[in-house]
Amino acid sequence: NGYPSQDDTDRYPLLGEAVRAALTVVVHCEAQRERLAGEWGGPVSRLWLPTVDTRVPAAPVRVVPPGERVRMLSLGWVGEPKQIHTVIEALALDPDLARRVEYRIAGPIDLRSHYGRRLTDLIVQNRLEQCVTLTGWVSAEELSDTFDWADLHVNLRNPCTEGGSLSLLQQMASARPVLVGDRGIFAEVPGDAAIRAAAFTPQAVGDALRDALAHVEDLPRVGARGRAWAATQTVERYAADIVQVARRAPGERVAAQTASRVNGALDGLGATRGLDVCATAAAQLERFVRPPGDA
C-alpha cells in the first residue's frame, strides 16, 4: 500500500551493509558518497555514469507554436517514486497551467493498484481528462515515436534510491529539457541544462513549470545544453576512470583494513561519534592511510 517514504530510506540506509566486504567502492553521485560517511572506512570513487545515446542524432526538436500545449512526458514504469501524482496535483491547483500543457504518462501501470486508483481519481476529480493521459504499456514499435513526441520530459524521483540514472541521460540526449528534482544524481545536473523543481510538492513543481512556460522559446536551448552535458559522459571516460580505480585498489587494502581495525577498537571502547577520540583517530587515518588521487 504505497512505497517506502523518503524518511524511511533516510533512517534505514543499507549502503553500508552492501559494501561491507568491498575492497573499494564506486558510486555515481555525491549523495551516495555522503550516505557512506561513517558507514564504511574504505576508499570511495565518484564516477559519472556513461551514456551512448548522444552518438546518434537527436530527433528534430519542435518549436512550440503560439497557443499550442507544451507536451510533457513521463515514460517508463508508473510508480509512486516517479512523483507523477505530484505533477497532476500541480496541474489541479492551477487550471491556467493545465490548459497550457498536455501530460502523457506512458508505461506499465496496474489501474487496480493503490497508486493506479490514486492517479485516476486525481484526473477525474480535477477534470483533467483533456490534459492528462495514461497510455499504459508502450510497444517497442511505438517507443521511439512516444519518446520524440515530448517537448519536455519529466523525471522526478523521490525517494531517490538510485545512484546514476540512465533514463535521465537518455532524456537529456534527446535535446529536450528535463524536469528534475533536487535529490541524488538529479541535483547534480548543471542548473542551466535542466528544469529543476525546488521540492517535491505540487507548489514547487507548479512553480518550475510556470517559469518554464513563461519562457517557452528557451526550451530548445535548455535541451541543447542538456544534450551537450550528456555528451561528456562517455563510455571511454568511464572505462578509463574504472581502470584507475582498479589499479589503485590493491594498494588500498591496507588502508581499508586499518580503518576497519581502528573502528573495531573504538567500538570496543564504547566510543561514539562526536567524541574527541573519534576525531583524533579520523585525523590520523586521514594522514597515514588515505589513498592518493581519490576520484
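Worth knowing before you read on, the calculation uses all heavy atoms, side chains too, and leaves out hydrogens, waters and symmetry mates. Please read all numbers here as calculations on a predicted model, not as lab measurements. Positions are given from 1, in the same order as the sequence printed here.
A side-chain contact (heavy atoms from CB on, under 4.5 Å) with Val27 holds for exactly one of Leu36, Ile185, Leu47; it is Leu36.
A salt bridge links Asp96 and Arg99; the closest N-O separation between the charged side-chain nitrogens and carboxylate oxygens is under 4.0 Å. Using a 4.0 Å cut-off between charged nitrogen and carboxylate oxygen, Arg35 and Glu30 do not count as a salt-bridge pair.
Between the side chains of Ser167 and Asn155, at least one donor-acceptor pair of N or O atoms lies under 3.5 Å. In summary, the side chains of Ser45 and Arg248 do present a donor paired with an acceptor at a separation below 3.5 Å, with no hydrogens or angles considered.
A distance of 10.5 Å separates CD1 in Ile88 from CG in Asp121, rounded to the nearest 0.5 Å. Taking CD1 from Ile195 and CZ from Arg176, the interatomic distance works out to 13.5 Å, rounded to the nearest 0.5 Å. Between Glu102 atom CD and Cys131 atom SG the span is 8.0 Å, to the nearest 0.5 Å. Atom CG of Leu152 sits about 9.5 Å away from atom CD of Gln171, to the nearest 0.5 Å. The line from CD1 of Ile109 to OG1 of Thr135 is 9.5 Å long, rounded to the nearest 0.5 Å. Remark: Leu179 CG to Gln83 CD distance equals 11.0 Å, nearest 0.5 Å.
By the rule that hydrophobic residues join a cluster once side-chain heavy atoms approach within less than 4.5 Å of another member, Trp149 and Val178 end up as members of separate clusters. One hydrophobic cluster, built from ILVMFWY side chains closer than 4.5 Å, holds both Val154 and Ile84. Following chains of ILVMFWY side-chain contacts shorter than 4.5 Å, one can reach Leu166 starting from Val180, so the two form part of one hydrophobic cluster. Leu73 and Leu143 fall within the same hydrophobic cluster, where Ile, Leu, Val, Met, Phe, Trp and Tyr residues are linked whenever their side-chain heavy atoms come under 4.5 Å apart, directly or through other members. By the rule that hydrophobic residues join a cluster once side-chain heavy atoms approach within less than 4.5 Å of another member, Leu219 and Met172 end up as members of separate clusters.
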Decide salt bridge (charged side-chain N to carboxylate O under 4.0 Å, His left out) for Glu188 and Arg183; before the verdict, give the C-alpha distance in whole Å, the side-chain angles of both, and the deciding distance to 0.1 Å.
CA-CA 8 Å; Glu188 296 181 37; Arg183 276 185 172 266; over 6 Å; no
Is there a side chain to side chain donor-acceptor pair (under 3.5 Å) between Glu142 and Ser139 once you walk through the steps?
CA-CA 5 Å; Glu142 300 170 318; Ser139 70; 3.1 Å; yes
Applying side-chain contact (heavy atoms from CB on, under 4.5 Å) to Ile105 and Thr133, what does each step give before you reach the verdict?
CA-CA 6 Å; Ile105 301 148; Thr133 304; over 6 Å; no
Please step through side-chain contact (heavy atoms from CB on, under 4.5 Å) for the pair Leu134 and Leu111, ending with a clear verdict.
CA-CA 10 Å; Leu134 292 162; Leu111 295 177; 4.2 Å; yes
Worked verdict on Arg196 versus Asp182 for salt bridge (charged side-chain N to carboxylate O under 4.0 Å, His left out)
CA-CA 7 Å; Arg196 179 167 289 113; Asp182 63 346; over 6 Å; no
After noting the C-alpha distance and the side-chain angles of Met72 and Val87, does the key distance pass the side-chain contact (heavy atoms from CB on, under 4.5 Å) rule?
CA-CA 10 Å; Met72 304 195 318; Val87 180; 3.9 Å; yes
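For the pair Arg71 (side chain) and Ala150 (backbone), a donor-acceptor distance under 3.5 Å is absent. No donor-acceptor pair under 3.5 Å is formed between the side chain of Arg225 and the backbone N or O of Ala193. With hydrogens and angles ignored, the 3.5 Å screen pairs no side-chain donor or acceptor of Arg118 with any backbone N or O of His85. Proximity of a side-chain donor or acceptor of Asp94 to a complementary backbone N or O of Leu97 within less than 3.5 Å is detected. In this structure a side-chain-to-backbone donor-acceptor pair under 3.5 Å is present from Asn126 to Leu122. Listed for the Arg157 side chain is no donor-acceptor partner under 3.5 Å among the backbone atoms of Ser165.
Checked against the 6.0 Å centroid threshold, Trp137 and Trp77 do not count as a close aromatic pair.
Annotation for Ala106 and Val138: closest pair CB-CG2, 3.5 Å, computed over non-hydrogen atoms. The minimum heavy-atom distance linking Val205 with Ala199 is given by the pair CG2-O, 4.1 Å. Taking every heavy atom of both residues into account, Ala90 and Gly206 meet most closely at CB-N, 3.8 Å. In terms of heavy atoms, Ala230 sits closest to Ala173 at CB-N, 4.3 Å. A pairwise comparison of heavy atoms in Ser74 and Tyr103 identifies OG-OH, 2.7 Å as the closest pair. Of all the heavy atoms in Gly184 and Cys160, the pair that sits closest is CA-SG, 4.0 Å.
A perpendicular orientation is assigned to the rings of Trp48 and Trp229, their planes being inclined by more than 60° (bins at 30° and 60°).
Side-chain contact between Arg237 and Thr232: present, with at least one pair of heavy atoms (C-beta onward) separated by less than 4.5 Å. A 4.5 Å side-chain heavy-atom check between Asp192 and Val222 finds every atom pair outside the cut-off. Val124 has its side chain within reach of Glu129: a pair of non-hydrogen atoms, C-beta onward, lies under 4.5 Å apart. In this structure, Pro220 and Val61 have side chains that are in contact, with non-hydrogen atoms separated by less than 4.5 Å.
Legend: side chain to side chain donor-acceptor pair (under 3.5 Å) pairs involving residues 53-68, not counting sequence neighbours, sorted by first then second residue: Thr51-Asp53, Arg55-Glu236, Arg62-Glu68, Arg62-Asp151. For residues 172-204, no residue pair satisfies the ring-ring contact (aromatic ring centres under 6.0 Å, His included) rule, not counting sequence neighbours.
Crowding of Arg127 atom CZ: a count of heavy atoms from other residues, nucleotides or ligands under 6.0 Å not exceeding 12.
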